[in-house]
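Single-structure report; data block below.
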Amino acid sequence: MSASVLFDEPGPRGRRRIRIASAVTVVVLAVVVGLALQQFASHGQLDADKWRPFGEWPIWEYLLVGLRGTLQAAALVAVLGAAFGLVLALARLSPVRPIRWLAATYIEIARTLPVLLLIYVTLFALPAYGLNLPLLWKLVLPLTVANSAAFAEIFRAGIVSMPRGQNEAALSLGMTRTQAMRLVVLPQALRAVAPSVVSQLVSLLKDTSLGYIVAFTELLYRAQVLAAYNHLLVQTYLVVTLVYLVCNLSLSGAAHRLQTFTRRRTAAPVPEKTP
């Protein structure tokens with residue numbers, strides 16, 4: 001069984017190319033970072049006076065309020081998007097053709113439309129028809145529409161990857177198709193795609209930075225206000241970038257550990273050697 005339900009395990013040539021590409025990427029990034037630091041130093045952006053305000057608690061307290069808004073929006077989108085995505089995945093696998101067609105149409109449209117356009121719809125179009133949502137939901141609703149399609153494809157790939165024998169064995173025990181899906185196939189499929197779901201959360205967390213468009217108090221919006229107040233544009237955005245990196249690297253690390261754990265749990269047992 002492949003390590004992922006979404007991608008095939010690369011062969012020796014593929015792994016060698018990945019290692020070479022990774023090494024080249026690291027070297028290029030190191031050169032870019034070095035050149036950037038040189039430019040910052042030459043323009044006085046690395047002077048201690050310009051970084052001293054970020055050692056004070058009021059600055060961090062102000063930014064942490066924005067981080068709380070970012071995590072709040074991301075959590076709502078994750079719960080709503082995953083729940084709706086699961087419904088869409090089951091609808092797309094439905095034996096009823098109209099339901100399958102409606103789910104596929106929604107997923108394709110939601111994946112095609114830019115998230116920014118969906119935000120503009122909630123920001124300008126819906127109020128014109130008398131539906132003026134709170135700021136939080138002007139961000140959460142369009143992100144849920146977009147991410148539910150991504151979650152649906154992840155869940156559908158997990159369900160399709162399950163061996164057919166699992167479903168047939170459940171039916172032979174007298175279960176209905178709904179019971180077989182709910183009690184046998186779906187739990188295994190969700191466990192298999194758990195690392196991909198966590199990886200999707202990283203993308204989701206980055207998308208919450210679009211909250212500045214609707215003036216929702218998230219981390220990037222707070223950074224804009226703070227930079228306009230202290231005139232430390234470079235320092236403020238570098239600090240906020242570091243916060244985003246810590247959050248996303250934590251989620252990526254969780255996805256990697258979950259993938260390793262899932263691989264060990266689903267690995268076929270090694271048969272004992274006969275004497």
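Every heavy atom of this structure was used, including side-chain atoms; hydrogens, water molecules and symmetry mates were not.
Side chains of Ser209 and Tyr221: no donor on one and acceptor on the other come within 3.5 Å.
Salt bridge Glu153/Arg92: present, at least one basic N to carboxylate O contact under 4.0 Å. At a threshold of 4.0 Å, the pair Asp47-Lys50 does not count as salt-bridged, since none of the basic side-chain nitrogens sits closer than that to a carboxylate oxygen.
Within a 6.0 Å sphere centred on CZ of Arg100, other residues, nucleotides and ligands contribute more than 12 heavy atoms.
Relative ring orientation between Phe54 and Trp51 is described as tilted, the plane-to-plane angle lying within the 30° to 60° band.
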Derivation and outcome, side-chain contact (heavy atoms from CB on, under 4.5 Å), residues Leu63 and Val243: CA-CA 10 Å; Leu63 291 176; Val243 175; 5.9 Å; no
Verdict with reasoning, Val197 to Phe151, per side-chain contact (heavy atoms from CB on, under 4.5 Å): CA-CA 7 Å; Val197 171; Phe151 280 122; 3.7 Å; yes
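Rounding to the nearest 0.5 angstrom, the gap separating the OG1 atom in Thr236 from the OH atom in Tyr229 is 12.0 Å. How far CG of Leu141 is from CG of Leu126: 7.0 Å, rounded to the nearest 0.5 Å. To the nearest 0.5 Å, atoms CG (Leu118) and CG (Leu113) are separated by 5.5 Å. Rounded to the nearest 0.5 Å, atoms CG (Leu171) and CE (Met181) are 10.0 Å apart. Atoms CG and CG, on Leu133 and Leu139 in that order, are 11.5 Å from each other to the nearest 0.5 Å. In this structure, Trp101 CH2 and Ser94 OG are separated by 14.5 Å, a value rounded to the nearest 0.5 Å.
Side-chain atoms of Thr208 do not come within 3.5 Å of backbone N or O of Ala74 as any donor-acceptor pair. Side chain of Gln200 to main chain of Asn147: no donor-acceptor pair is present (N/O by atom type, distance under 3.5 Å, no hydrogens or angles).
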